[in-house]
Amino acid sequence: MLGSGRQIAVFAPLKTSTFAVLSDLPFQKNNLPMSDLRKTSVQELLCSTDLDREVLVKGWVRTRRGNKYVQFIAVNDGSGFNSIQVVANAEQFPEEKLKADGVENGAAVAVRGKLVASQGKGQTVEIQASEITVYGSADTTTYPLQKKGHSLEFLRDIAHLRPRTNTFGAVLRIRHAMAFAVHNYFNSKGFYYVHTPIVTGSDAEGAGQMFRVTTLPDQNPPLTEDKSAVDYKQDFFGKQTNLTVSGQLEAEVAAMALGKVYTFGPTFRAENSNTARHLAEFWMIEPEVAFNDLQDNMDLAEDFLKSLVRYALEHCQDDLQFLNEQYDKELLSRLQFVVDNDFQRLTYTEAVEILKVAKQKFEFPVDWGTDLQSEHERYLVEKHFKKPVILTDYPKDIKAFYMKLNDDDQTVRAMDVLFPGIGEIIGGSQREEDLTKLQARMAAMNVPEHELWWYLELRKYGTAPHAGFGLGFERLILFITGMSNIRDVIPFPRFPKSAEF
RNA sequence: GCUUCCUUAGCUCAGCCGGUUAGAGCAUCUGACUGUUAAUCAGAGGGUCCCUGGUUCGAGCCCAGGAGGGAGCGCCA
């Protein structure tokens, strides 16, 4: 499954600026001699068939090697996975001068030269340098990123530099592609993108501990008349407010007017979660569709996920290839498998029956009415079915108040999509649209009606069946990239005791 | 929050039963090398053994406390 244990990422480098030009051409500070030529991205140059022309490229040095006759400088500008090879003839660019001017691992440079067919193996085109400018060098004795593998744990400590590594470059480009693919998918299906609030006045969204938002002073805040509590009427919003843990309730508002909507935004949970699958700040995608039932919801979730995986396979080949080789040899085949095969759909009750007769010993017993443990979900996905699984119709007592009650009065129309290595990647349900039943569920679960009066009015005026789900964006990126820790698929991870960068 | 493992050179790690001057690979530095692919070859420099206290003739190693990190679990997406 997903790779475990030591893993490496591959390098790249910084030092304070020396500004040097390494040719005999006239040069003035703040007036680059190459300014008559437009820069071209490395990605574009590598794909170019228009050779023997003058080009200008700007990026960061990944490696420099060679001998006293010829020097090779790999330049990467982040436009794609691959670097372009710059060939510097020693007559014009002696090694000592390249070193003295800081053309080393990590330096930011501009290179002017001729784009030619490569004389060597390993690349089709290269640049014969005629001019090299160093914007900023990187002291080789202190720059943390070396021309070698680094552990992901080490790179987490230098999150400001890790985007320069092959691994994080690949992950961040894939992350972008997936964000684009999300909007692309929904737009093509007639969904509208709704911006739900980040600051919420409700603490009853039912998805965990919340971060408080306040402008009251932390020393001696105003108290209520009887001095028993902080007086939030004097706070910025006139009430206690928090960061959102879900956009779902507001998305339902929009779905009851626009039909098919989705949200895609930051989500905050103040749980003390220390796992490779949880973040305190993460991005969540929540489609909500009027007149959809649980079947429609499952169909949407499966089609959506397959479409995203397919997009990655088609558009992120270089980056995925690298991750496949470096971290997880089965990544590409697993992605293809997900696209090619139907997800296994079964009810919670059916799953419990399978688990009860399973030969595997579980640490925790399986019993109808209790929530499935990670080990149970993993068994179903990775051992029993060996494919993504959608579990439905959970006992009502272990699910949220807003899920639609089945006729058996025992289960609700919930669904969890379980992926190999990730566990729950999607959680969703058909929503309870019956006002009386919803009020009963809220009362039973101690959800205060007065805080959600507006949510209840959706059932009072023009209520309709509807369904939706939440997809954890970072969990999707985990699956697509084959990375094993969620802190490595977001540029600046937020988790307990950590908000450094 | 719980369980468990870990912390030794810039990085990744080894270090025997507690014993004299703590090692390796990579990186860095110096030199060699006519097209390299994380180039290669030779040599050199580089240590608060996480911190504090204790046991001992003697502690990187044993004990206690603290700090930081990983993995697993719970909460969930």
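Bear in mind the structure is a predicted one, so any value in this text is a computation, not a measurement. Below, chains carry the letters A, B, ... as their sequence lines are ordered, and counting in each starts from 1.
At a cut-off of 3.5 angstrom, the base of rC11(B) holds no donor-acceptor pair with the side chain of His150(A).
Using bins of under 30°, 30° to 60° and over 60° for the plane-to-plane angle, the ring pair Phe186(A)/Phe191(A) lands in the tilted bin.
Within the shown strands, nothing qualifies as a pairing partner of rC49(B) under the Watson-Crick or G-U definition with both distances less than 3.5 Å. Applying the Watson-Crick and G-U wobble criteria (two distances, each under 3.5 Å), rC2(B) pairs with rG72(B). Searching all strands for a Watson-Crick or G-U wobble partner of rU30(B) with both distances below 3.5 Å returns rA42(B). Base pairing analysis places rA67(B) opposite rU7(B); the two distances defining the Watson-Crick or G-U wobble pair are each below 3.5 Å. Base-pair partner of rC62(B): rG54(B) (Watson-Crick or G-U wobble, both distances under 3.5 Å). With a cut-off of 3.5 Å on both Watson-Crick or G-U wobble distances, the partner of rG35(B) is given as none. The partner of rA24(B) is rU12(B), judged by Watson-Crick or G-U wobble contacts that both fall below 3.5 Å.
In this structure, Arg487(A) is positioned above the aromatic face of Phe495(A), its NZ or CZ under 6.0 Å from the six-membered ring centre and within 45° of the axis.
When heavy atoms are screened at a 4.0 angstrom cut-off, Glu126(A) is found touching base atoms of the nucleic acid.
Shown here is Tyr192(A), whose OH atom has no more than 12 heavy atoms of other residues, nucleotides or ligands within 6.0 Å. Under a cut-off of 6.0 angstrom, the local environment of NZ in Lys387(A) is crowded, with over 12 non-hydrogen atoms contributed by other residues, nucleotides or ligands.
The distance between atom CD of Glu153(A) and atom P of rC6(B), rounded to the nearest whole Å, is 15 Å. The CZ atom of Phe495(A) sits 17 Å away from the C1' atom of rG1(B) (whole-angstrom rounding).
An OP1 or OP2 oxygen of rU12(B) is reached within less than 4.0 angstrom by a side-chain nitrogen or oxygen of Ser151(A). For Gln373(A), a side-chain nitrogen or oxygen approaches OP1 or OP2 of rG74(B) to under 4.0 Å.
Mapping Arg378(A) and Pro496(A) onto RNA chain B by nearest heavy atom places Pro496(A) at the nucleotide closer to the 5' end. In terms of position on RNA chain B, the residue among Arg65(A) and Glu375(A) whose nearest nucleotide sits closer to the 5' end is Arg65(A).
Stacking annotation: Phe72(A) is not stacked on the base of rG35(B) (requires ring centroids less than 5.5 angstrom apart and an interplanar angle below 30 degrees).
For the residue pair Tyr327(A) and Thr167(A), a side-chain donor N or O sits within less than 3.5 Å of a side-chain acceptor on the partner.
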